[in-house]
Number of protein chains: 2
Amino acid sequence: MPEPLLDLLWRDRAAAPVSRRRGPKARHSTTDVVTLAIDLAVEGGIGAVTIRALAQKLELTPMSVYTHVNSRDDLLVLMADQAHGSMTPTPFGRSTWRTRVRRVADDNLALLREHPWLLDLDDPRTALGPGTIAKYDRELHAFDGTSLDDVSRDAALTFVLDFTRATAARIVVRPETGEFSELWEQSVAGLAAYLGDDLPLAQRVGRAAGEAMGGPYDAERAWEFGLARVLAGLADLAGLRDAPPAAE
Amino acid sequence: MPEPLLDLLWRDRAAAPVSRRRGPKARHSTTDVVTLAIDLAVEGGIGAVTIRALAQKLELTPMSVYTHVNSRDDLLVLMADQAHGSMTPTPFGRSTWRTRVRRVADDNLALLREHPWLLDLDDPRTALGPGTIAKYDRELHAFDGTSLDDVSRDAALTFVLDFTRATAARIVVRPETGEFSELWEQSVAGLAAYLGDDLPLAQRVGRAAGEAMGGPYDAERAWEFGLARVLAGLADLAGLRDAPPAAE
DNA sequence: ATAAATCTCTGTACGTTGTACAGTTCAATG
DNA sequence: CATTGAACTGTACAACGTACAGAGATTTAT
């Protein structure tokens with residue numbers, strides 16, 4: 001049986017990879033398995049990550065996958081941590097907290113663009129992995145130089161990342177789902193018949209927002225709108241000043 | 001075969017419920033089916049909403065459920081719309097946009113407390129239903145009296161609801177998932193061994209936030225923190241003034 | 001050298017899921 | 001009274017995660 005999830009997550013930093021293990025050596029490393037699983041997820045969404053499909057990619061039988069991973073849920077956590085660890089963060093340099101928060105948001109959007117399947121994954125155990133923790137540490141440093149206490153710093157980062165994730169979910173097209181515009185065109189006629197002249201505000205605003213949604217600039221506009229709100233909201237927070245961090 | 005999803009969603013407002021249909025009358029109304037499905041979801045999470053379990057509640061065979069609903073995915077959309085329609089919104093009265101936005105957020109939190117399964121549902125077709133559209137209309141009115149244009153009004157509401165949903169997901173305990181504290185206690189020892197003295201910021205802040213997370217007041221504090229950020233962020237928006245709405 | 005231990009990998013099989021398909025029964029309509 | 005169409009049912013299939021019992025390989029203990 002494979003090691004517990006925590007040890008698999010930290011397999012590279014493992015203290016004792018010495019003494020060769022007994023039995024035949026594995027045909028694939030854990031990282032291989034996780035990498036191929038991520039490939040599947042990128043191509044076909046998280047639903048495409050099946051034990052059987054992964055086994056085929058590895059040229060193993062389905063059950064042999066369980067030699068490397070305890071369960072599909074564990075595999076998803078390993079994938080998420082590896083994706084988090086693979087980020088190439090924009091360095092903060094000597095910037096203010098505003099531009100640093102912006103970079104955190106942008107980097108996360110880039111991550112979710114590359115790995116849309118992360119949007120469909122919500123396992124708290126991801127927080128146990130080295131990639132995720134390193135990401136957490138790095139992003140917390142965006143608030144260096146401010147006088148936020150620890151709990152507020154965590155809350156502020158959470159606030160930024162929640163926005164990022166929610167907005168990314170609207171921007172990024174997941175490979176398995178169809179375009180929203182199809183649904184819109186297909187339903188707008190019948191919907192209008194039911195709505196008639198009711199709820200004029202919803203109809204007017206919905207139409208305006210719906211039409212803009214198709215446009216090429218809208219995704220970026222929605223992103224900018226929200227990010228500006230996030231920054232303004234944080235700026236109002238006691239403990240945030242516009243000074244670059246000195247030494248923390 | 002049942003009617004298409006759009007017609008099922010608007011079944012109550014349907015124009016022609018006249019002329020009795022042929023064949024035996026249905027043992028259950030669509031609303032019955034959806035209501036029982038919601039019961040299942042409230043009790044056991046969205047994963048407990050299986051065709052077979054629902055059939056049992058209805059005293060039907062599994063396949064008979066498809067007389068009322070075209071697919072499980074359609075059923076989930078019907079459930080979401082019914083839940084949205086069942087909200088008892090706090091009236092806005094003569095308040096400022098700030099308190100109205102607060103009410104929108106609070107009402108949505110209440111909704112998600114009552115129906116945590118909504119957090120695990122993300123189907124754009126929900127937007128086609130009368131309950132969802134009525135909710136949208138009502139919540140858009142929170143910005144009456146401001147000079148936001150239509151697109152910004154939609155974006156502002158989206159911003160509020162995204163925050164609400166993300167924070168609710170952290171506050172509300174879904175019936176099927178275990179408590180986070182269990183995971184924490186179970187892993188903290190091994191994790192500390194791997195971490196050593198690395199990433200001190202993440203360790204310190206994570207510990208502070210993690211300890212607070214258990215406490216009884218933390219959920220509300222996180223909610224208040226975020227909501228205050230949301231309101232401050234929106235206040236910074238051109239077009240928002242603190243005047244109560246006059247006539248819109 | 002031999003035996004024991006323990007690893008990788010496999011084949012079979014089970015339970016659960018959504019649902020396609022071919023009916024059967026029943027009430028309203030021609 | 002025959003026809004039509006709706007409600008309902010039984011059987012069946014494909015896909016899923018994975019439990020379990022073993023086969024073979026390789027290191028360690030004797």
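Chain letters run A, B, ... following the sequence lines, proteins first and then strands; every chain starts at 1. Since we're looking at a predicted model, the values are computed, not measured.
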Is a side-chain donor or acceptor of A:Arg11 paired with a backbone partner of A:Leu8 at a separation under 3.5 angstrom?
yes

Going 5' to 3' through nucleotides 3-16 of chain D, assign each nucleotide B (protein heavy atom under 4.0 Å from a base atom), S (under 4.0 Å only from sugar-phosphate atoms) or - (no protein heavy atom that close).
-BBBSBBBBB---B

Taking distance alone, no hydrogens or angles, what donor-acceptor pairs closer than 3.5 Å link side-chain atoms of residues 129-140 of chain A to residues at least two apart or in another chain?
unit_1   : atom_1 : unit_2   : atom_2 : d
A:Thr132 : OG1    : A:Asp81  : OD1    : 2.9
A:Thr132 : OG1    : A:His84  : ND1    : 2.9
A:Thr132 : OG1    : A:Thr126 : O      : 3.1
A:Lys135 : NZ     : A:Asn108 : OD1    : 2.9
A:Lys135 : NZ     : A:Glu139 : OE1    : 3.4
A:Lys135 : NZ     : A:Glu139 : OE2    : 3.3
A:Tyr136 : OH     : A:Asp154 : OD1    : 2.7
A:Asp137 : OD1    : B:Ala202 : N      : 2.9
A:Asp137 : OD2    : A:His141 : NE2    : 3.4
A:Glu139 : OE2    : A:Asn108 : ND2    : 2.8

Listed once per pair and sorted, the side-chain hydrogen bond (donor to acceptor under 3.5 Å, both in side chains) pairs that draw on residues 60-70 of chain B, sequence neighbours left out
B:Thr61-B:Ser64

Just how far, in rounded Å, is [atom2] of [N] from [atom1] of [X]?
X	N	atom1	atom2	value
B:Leu76	C:dG18	CG	C1'	12 Å
B:Tyr66	C:dG18	OH	P	6 Å
B:Gln56	C:dT17	CD	P	11 Å

Which residues in residues 29-40 of chain A have a heavy atom closer than 4.0 Å to any atom of DNA chain D?
none

Side chains of B:Gln82 and B:Thr35 only: does a donor on one sit below 3.5 Å from an acceptor on the other?
yes

Residue pairs involving residues 104-128 of chain B (criterion ring pair (Phe, Tyr, Trp, His ring centres under 6.0 Å); sequence neighbours excluded):
B:His115-B:Trp117

Between A:Thr90 and A:Asp106, is there a side-chain heavy-atom distance shorter than 4.5 Å?
no

Is A:Glu176 atom CD crowded by more than 12 heavy atoms from other residues, nucleotides or ligands, each under 6.0 Å away?
yes

Which atom pairs, donor and acceptor, lie under 3.5 Å between side-chain atoms of residues 167-175 of chain A and protein residues at least two apart or in another chain?
unit_1   : atom_1 : unit_2   : atom_2 : d
A:Thr167 : OG1    : A:Phe163 : O      : 2.9
A:Arg170 : NH1    : B:Asp162 : OD2    : 3.1
A:Arg170 : NH2    : B:Asp162 : OD1    : 2.7
A:Arg170 : NH2    : B:Asp162 : OD2    : 3.0
A:Arg174 : NE     : A:Asp120 : OD1    : 3.1
A:Arg174 : NE     : A:Asp120 : OD2    : 3.1
A:Arg174 : NH2    : B:Asp122 : OD2    : 3.4

